[in-house]
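Along the sequence shown, residues carry numbers from 1. The structure presented is a predicted model; accordingly, all values stated were derived computationally and were not measured.
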Amino acid sequence: YDFAPVGYLTLDKQGHILGANLAGASLLGVERKLLVGKSLSEFVNRIAQDNYYLYCQAVFSSNDKQVCELKMQKQNGTFLDVSLESIAFEEDGTQRSRTTLIDITMQKAAMSALHNLNIDLGESLNDQTTKLKQSIDQVKLLTQAVANLDEGVLITDSNLNLPDGPLIVFVNAAMCRISGYTAYDLTGHSPRMLLGPETDRNTLDYLKARISAGQSCRVELINYHKNG
């Protein structure tokens, strides 16, 4: 709990912080013992306050996990993009929520770089030589950013119709740490090597259908560590 790479908070229904792990305190830039009792809304950027209020309402009016992305701000004023995942529970007759905070600032920057890259590549032919050099630098920066993320990243080719499915072409260091496999073990093999008896087949079929249609999706799957 304390040494997890993502932040974990326990909140009351009013949004006050009842508990936090080390990563949560670090993400918000506050010493953990000083964080307890503060309202999480203090760290939500002004422009995101309405979205945060609606998110809290959704958390405590549902038994399902709620997810949103917010612009937040550390105590020292540093801005960051955060993905919140919360689920409500009851303890001693009081409603509370368990909330995960994931810093997605680098992912947002990477997505923005990709978006700008697509725009750049669509500009006039006369600018292509200069733009291409700039794009290569952006891709290098993006690759470096992805390689150093704390979350595991696995990229496959697009050959969904192969007997064993698509093949892995890239994994970052975090993926190797999480799975127990080396990059050599994973690259060139099907991600099916990470599946096991508890992996839900229906979720896999849904994931394949969405990817085949060129659509994004968010799912939860049970994968297996190299040691089983």
S.K.: Hey, does the side chain of S61 reach the backbone of A58 with a donor-acceptor pair shorter than 3.5 angstrom?
M.R.: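 Yes, because the side chain of S61 sits within donor-acceptor range (under 3.5 Å) of the backbone of A58.
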S.K.: For S26, give me all partners under side-chain hydrogen bond (donor to acceptor under 3.5 Å, both in side chains), at least two apart in sequence or on another chain.
M.R.: none
S.K.: If you take all heavy atoms of C176 and A183, which pair is closest and at what distance?
M.R.: SG-N, 3.4 Å
S.K.: Measure across A88 and S62 and return the closest heavy-atom pair with its distance rounded to 0.1 Å.
M.R.: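 Taking every non-hydrogen atom into account, CB-O, 4.2 Å.
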S.K.: Looking only at heavy atoms, what is the nearest atom pair of T99 and S97, with distance?
M.R.: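 Result for this residue pair: OG1-OG, 3.4 Å.
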S.K.: Could you tell me the separation between the CD1 atom of I47 and the CD atom of Q73, rounded to the nearest 0.5 Å?
M.R.: 10.0 Å
S.K.: Just by modelled atom types, is the S179 backbone N or O under 3.5 Å from a matching donor or acceptor in the Y224 side chain?
M.R.: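 Absent.
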S.K.: Return yes if some donor-acceptor pair links the side-chain N/O of D185 with the main-chain N/O of T182 below 3.5 Å, else return no.
M.R.: yes
S.K.: Roughly how far apart are L70 CG and L80 CG, rounded to 0.5 Å?
M.R.: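 Reported value, rounded in 0.5 Å steps: 10.5 Å.
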S.K.: Output the rest of the hydrophobic cluster of I178: all Ile, Leu, Val, Met, Phe, Trp and Tyr residues reachable through side-chain heavy-atom contacts under 4.5 Å, sorted by chain and number.
M.R.: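 None; I178 is a cluster of one.
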S.K.: Tell me if a side-chain donor or acceptor on T199 pairs with a main-chain N or O of G196 at a distance below 3.5 Å.
M.R.: yes
S.K.: Report, as yes or no, whether the 6.0 Å neighbourhood of atom CG on D92 holds more than 12 heavy atoms from other residues, nucleotides or ligands.
M.R.: no
S.K.: Does L34 share a hydrophobic cluster with L9, counting links as ILVMFWY side-chain heavy atoms below 4.5 Å and allowing steps through other members?
M.R.: yes
S.K.: Please enumerate all residues that pass salt bridge (Lys or Arg N to Asp or Glu O under 4.0 Å) together with D157, with sequence neighbours excluded.
M.R.: none
S.K.: What about L195 and V219, same hydrophobic cluster or not, with Ile/Leu/Val/Met/Phe/Trp/Tyr joined at side-chain heavy-atom distances under 4.5 Å?
M.R.: yes
S.K.: Taking all atoms of both residues into account, what is the closest heavy-atom pair of R210 and S216, and its distance?
M.R.: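 Distance-wise, the nearest heavy atoms are NH2-O, 2.7 Å.
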S.K.: What heavy-atom pair brings C217 and L207 nearest, and what distance separates the two atoms?
M.R.: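 Where C217 meets L207 most closely, the heavy atoms are SG-CD1, 3.4 Å.
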S.K.: Could you measure the distance from the CD1 atom of I155 to the CG atom of N172? Nearest 0.5 Å is fine.
M.R.: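 Between I155 CD1 and N172 CG, I get 8.5 Å after rounding to 0.5 Å.
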S.K.: Set out, in order, the CA-CA distance, both residues' side-chain angles and the distance that settles side-chain contact (heavy atoms from CB on, under 4.5 Å) for L84 and I102, then state yes or no.
M.R.: CA-CA 7 Å; L84 274 65; I102 303 173; over 6 Å; no
S.K.: Can you see which heavy atom on A20 is nearest to which on L35, and at what distance?
M.R.: CB-CD2, 3.7 Å
S.K.: Show your working on side-chain contact (heavy atoms from CB on, under 4.5 Å) between K108 and T105 and close with a plain yes or no.
M.R.: CA-CA 5 Å; K108 285 284 189 180; T105 305; 5.8 Å; no
S.K.: Using the side-chain contact (heavy atoms from CB on, under 4.5 Å) rule, take L40 and M72 through it: C-alpha gap first, then chi angles, then the decisive distance, then the call.
M.R.: CA-CA 10 Å; L40 185 60; M72 299 188 71; 3.9 Å; yes
S.K.: I need the K13 NZ to F60 CZ distance, nearest 0.5 Å.
M.R.: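 Taking NZ in K13 and CZ in F60, the distance rounds to 7.0 Å.
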S.K.: Can you list everything that forms a side-chain hydrogen bond (donor to acceptor under 3.5 Å, both in side chains) with D50? Sequence neighbours excluded, please.
M.R.: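 In terms of side-chain hydrogen bond (donor to acceptor under 3.5 Å, both in side chains), with neighbours along the sequence ignored, D50 is linked to no residue.
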S.K.: Excluding sequence neighbours, so at least two apart, what forms salt bridge (Lys or Arg N to Asp or Glu O under 4.0 Å) with E31?
M.R.: K33
S.K.: Considering only heavy atoms from C-beta outward, does the side chain of I104 approach that of E69 to under 4.5 Å?
M.R.: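 Of all side-chain heavy-atom pairs linking E69 with I104, at least one is under 4.5 Å.
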S.K.: Supply the atom-to-atom distance F43 CZ to I17 CD1, rounded to the nearest 0.5 angstrom.
M.R.: 5.5 Å
S.K.: Can you list the other members of the hydrophobic cluster that holds Y53, where links are side-chain heavy atoms under 4.5 angstrom apart?
M.R.: L54
S.K.: Can any side-chain N or O of Q49 pair as donor or acceptor with the backbone N or O of S41 at less than 3.5 Å?
M.R.: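 At least one qualifying donor-acceptor pair exists.
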S.K.: Does R98 make a cation-pi contact with Y8 (under 6.0 Å, within 45 degrees of the axis)?
M.R.: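 No, a cation-pi geometry is absent between R98 and Y8.
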S.K.: State the CG-SG distance between N51 and C56, to the nearest 0.5 angstrom.
M.R.: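 Atom-to-atom, N51:CG and C56:SG are 11.0 Å apart.
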S.K.: Check salt bridge (Lys or Arg N to Asp or Glu O under 4.0 Å) between E90 and all other residues, then give those that pass, not counting sequence neighbours.
M.R.: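 None.
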S.K.: With a sphere of 6.0 Å drawn around CG of N76, does it hold more than 12 non-hydrogen atoms of other residues, nucleotides or ligands?
M.R.: yes
S.K.: Among all residues two or more places apart in sequence or in another chain, which pass the side chain to side chain contact (heavy atoms under 4.5 Å, CB included) test with L18?
M.R.: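 So L18 forms a side chain to side chain contact (heavy atoms under 4.5 Å, CB included) with T10, D12, R96.
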S.K.: Under a 3.5 Å distance rule, please check whether S190 uses its side chain to pair with a backbone N or O of R192 as donor and acceptor.
M.R.: yes
S.K.: Checking D103 now: which residues fulfil salt bridge (Lys or Arg N to Asp or Glu O under 4.0 Å) with it, not counting sequence neighbours?
M.R.: none
S.K.: Assigning hydrophobic clusters by single linkage (Ile, Leu, Val, Met, Phe, Trp, Tyr; side-chain heavy-atom cutoff under 4.5 Å), is I211 placed with Y206?
M.R.: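 Result: yes, single cluster for both.
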S.K.: Linking Ile, Leu, Val, Met, Phe, Trp and Tyr by side-chain heavy atoms under 4.5 Å, what else ends up with L194?
M.R.: L154, I168, V171, M175, Y181, L186, M193
S.K.: Yes or no on side-chain contact (heavy atoms from CB on, under 4.5 Å) for V169 and T187, after CA distance, side-chain angles and deciding distance?
M.R.: CA-CA 5 Å; V169 298; T187 305; 5.7 Å; no
S.K.: State, with a plain yes or no, whether a side-chain heavy atom of Q75 is found less than 4.5 Å away from one of E42.
M.R.: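 No, too far: nothing below the 4.5 Å cut-off.
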S.K.: If a pair satisfies salt bridge (charged side-chain N to carboxylate O under 4.0 Å, His left out) and one of its residues is in residues 71-88, list it, with sequence neighbours excluded.
M.R.: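 Applying salt bridge (charged side-chain N to carboxylate O under 4.0 Å, His left out) to every pair that reaches into residues 71-88, excluding sequence neighbours, yields K65-E85, K71-D81, E85-R218.
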S.K.: Between Y55 and S86, do the side chains contain a donor N or O and an acceptor N or O under 3.5 Å apart?
M.R.: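 Side chains of S86 and Y55: pair found under 3.5 Å.
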S.K.: Which residues end up grouped with I87 if you chain together Ile, Leu, Val, Met, Phe, Trp and Tyr wherever their side-chain heavy atoms are less than 4.5 Å apart?
M.R.: none
